[in-house]
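Order of the sequence lines sets the chain letters (A, B, ...), proteins ahead of strands, with each chain counted from 1.
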2 protein chains.
Amino acid sequence: MKHINIKDLALELNLSVSTVSKALNDSYEISEETKNRVLETAARLNYVPNPYASSLRGRKSKNIGVVIPEVADSFFSLAINGIESVAKTKGYHVLICLTHESFENERTILKEFQGGRVDGVLLSVSTETTQCDHINDLIANGLPLVFFDRACDEVETAKITTDDFESAYKATTHLIQQKADRIAFLSISKSLSISNKRLEGYLKALEDHDIKADQKYIIDCSNDAEQNYLLIKKLLQQKNKPNGIIASVEKLTTPIYTACKDLEMKVPEELKIVCFSNLEIATILNPSLTTITQPAFEMGKMAATLLFKALENRNFSLVKEDFMIQSALVVRDSSG
Amino acid sequence: MKHINIKDLALELNLSVSTVSKALNDSYEISEETKNRVLETAARLNYVPNPYASSLRGRKSKNIGVVIPEVADSFFSLAINGIESVAKTKGYHVLICLTHESFENERTILKEFQGGRVDGVLLSVSTETTQCDHINDLIANGLPLVFFDRACDEVETAKITTDDFESAYKATTHLIQQKADRIAFLSISKSLSISNKRLEGYLKALEDHDIKADQKYIIDCSNDAEQNYLLIKKLLQQKNKPNGIIASVEKLTTPIYTACKDLEMKVPEELKIVCFSNLEIATILNPSLTTITQPAFEMGKMAATLLFKALENRNFSLVKEDFMIQSALVVRDSSG
DNA sequence: AGCAATTACGAAAACGGTTTCGTAAATAAA
DNA sequence: TTTATTTACGAAACCGTTTTCGTAATTGCT
């Protein structure tokens, strides 16, 4: 079965290519009768237009690029669903690109996007990203970009974030109220703004409750699960070990619980735990995990909606603006 | 900043478009000196070729389509990583499309692919998929397709699966050896071949150990979490309730554990649990979850490798063949 | 030196659509 | 009836590449 193009279709119909094209696009220039004939024959011959040919002429790809560190993370997979739900209504496709937390990958991907592969970009930067020239280049090239969750402050565009400062503040205060006074904070990156804001919220809560922050309770985790496990274990073995812990990222849940089990620490009696996490299974952990749950689906949806606003209105441009959606502190047994 | 195309580049260099194109593609027809000049200027002007123009002319998109039910599932997200790892080495992009377990979505996506958006397809069918005309159409249209995990037996092409029958058999046998004699099986679909094979493995194991299968222990779950929870709860409340349970899909983990907790059933004493699951957090559930873990990354990698073999060799064609990789039964406390 | 082969480039066609513009026929307005 | 407008279509340009083919200029061979 040969693939059928618009020329074949026109030939079959004894019409010109342009008429067929207009009929397929429901142009006012074409009579109802002809439109129906064309549509019918197109269906019969199983004609599917080549999107790249359309892109080329129309100078738009009908694709948006979604650049994220990882797909095996419930925040991102839920956000993808949110993004996809709006892209679908707009007739757009979603091109998901993974950086695997590598700056070099991120740069390469954004560079490629400048060739016209996508019409706009949603980005959550990698942990390695400390400078944003590659992002500014993209924008200078005319591609609208909206950050979601992990943003770069130096870039003049909109971002959808959650109240990282406040939720870390809330979580810390919650632990303090639960009588924890040596609270550790597990960070994922020194450069990521969300990580820093969460850290600041944590520090502010300590300060407001007259607890002195201690550098030894602030741990920089890496992208390596085994190494994180060792770091956490070490943290929990030192003298004056923490009796509270706040993990700023979901993937630390497993090493934390594993370390507690291996060290036979009682949760929440000896150690109270809060994680930034969207894991559905938080409820069935034992003890069930207190989480700060981000509105992942909503954030994806909102980011995409904003991006489309920029794509559809040529005179609407994305300015530096922070759309903040609240996360929820869901108290469960691990901090009881 | 205007976007630069090959014509601008040629103008800047005082060369013809064709020469520039050949230089960029490292053609033997172009002198080293010219190549260097072109490369240099291209970098300076930040030239990025339009992939769609190349696609159009070259009649290939350098994209492969990955069609899966859901991305928020650890099997699929890991498989994506496997697929991506090989696509990257081939200079291909991965277009991920989600069916959300809807047959209609699946059909629409595959239909669209026939327009040339992708050069080949990796597919894991939706639970609703009972007939395969849409898949056969795609293949008849010249697009190579490889199944992974969830396949359609009626389609003449290769598939990468795991030993669903054997692993269900092993899991069931394991539960029997742990003294369970009323073992329930939770299915996700009556039509999905993997679901049926797992069911058969379960039934065979019962038979081989002289346990009579009982229809009331075989539950068809849906795509709705709340409903599944109710089904499971009902299962665990009937008289002669099961003392063993095998869940054929990861997303049933939460409702099972939740139901056990709500009904105050002791695991594993009163109920032994095994799940088909790739969840990392299986280890930190309490009790830790015995799983049948599929080689998700490997399967993605293998499926992609096979697809590229078909893409690269015009005379290699995908025949009906089942590449089976073994899953591992990882015994943990929930079946102890 | 004379001819063939090679080297290095350019012109133009092609990929599959969309869009602009031109126009014959039909209809409306004068 | 004559002129203006509308309707319905076709020819051709165009989007940004790659590729085929043609050809001067250089090199190699005898």
Any N/O donor-acceptor pair, A:R57 side-chain to D:dC14 base, under 3.5 Å: yes
Which atom of A:Y47 lies closest to which atom of A:L24, heavy atoms considered: CE2-CD1, 3.5 Å
Please give, in whole Å, the distance from D:dT20 P to B:I30 CD1? 14 Å
With a non-hydrogen cut-off below 4.0 angstrom, is A:S31 in contact with a base, only sugar-phosphate, or nothing? sugar-phosphate
B:Y28 atom OH is separated from C:dT7 atom P, nearest whole Å, by 9 Å
Between C:dT20 (C1') and A:N25 (CG): distance, integer Å: 15 Å
A:S18 side chain: which of D:dT19, C:dT18, D:dG10 is closest? D:dG10
Hey, does the side chain of B:N5 come within less than 4.0 Å of D:dG16's phosphate (OP1/OP2), counting only N and O? yes
Select base, sugar-phosphate, or nothing to describe what B:T34 touches, counting heavy atoms under 4.0 Å on all strands. sugar-phosphate
Output the rounded distance in Å from CZ (A:R37) to C1' (D:dC9). 12 Å
Nearest to the side chain of A:I6, which nucleotide is it out of C:dC9, D:dC15, C:dT18? C:dT18
Any side-chain N or O of B:Y47 under 4.0 Å from OP1/OP2 of D:dT17? yes
From C-beta outward on B:S16, which listed nucleotide comes closest to its side chain: C:dA11, D:dG10, C:dG17? C:dA11
Are OP1 or OP2 of D:dC15 and a side-chain N or O of B:N50 less than 4.0 angstrom apart? no
Just compare D:dT17, D:dC9, C:dG10 and give me whichever is closest to any side-chain atom of A:E29. D:dC9
Base, sugar-phosphate alone, or nothing: which one does B:S54 contact when heavy atoms must sit under 4.0 Å apart? sugar-phosphate
For A:K159, is there an ion pair with A:D153 - N to carboxylate O distance below 4.0 angstrom? yes
5'-most contact on DNA chain D: B:A53 or A:T19, nearest heavy atom basis? A:T19
Does a distance-only test, which skips hydrogens and angles, find a donor-acceptor pair under 3.5 Å between the side chain of A:K22 and the base of C:dG17? no
So do B:K111 and A:N46 actually touch side chain to side chain, heavy atoms under 4.5 Å? yes
Specify the separation, in whole Å, of atom NZ of A:K60 and atom P of C:dG17. 17 Å
Can you tell me how far P of D:dC9 sits from CD of A:E32, to the nearest Å? 11 Å
Parallel, tilted or perpendicular: which fits the ring planes of A:F308 and A:Y92, with parallel below 30° and perpendicular above 60°? perpendicular
If the cut-off is 4.0 Å, is A:R59 near the phosphate of D:dC14, judged by side-chain N/O to OP1 or OP2? no
Under 4.5 Å between any side-chain heavy atoms of B:K7 and B:V20, yes or no? no
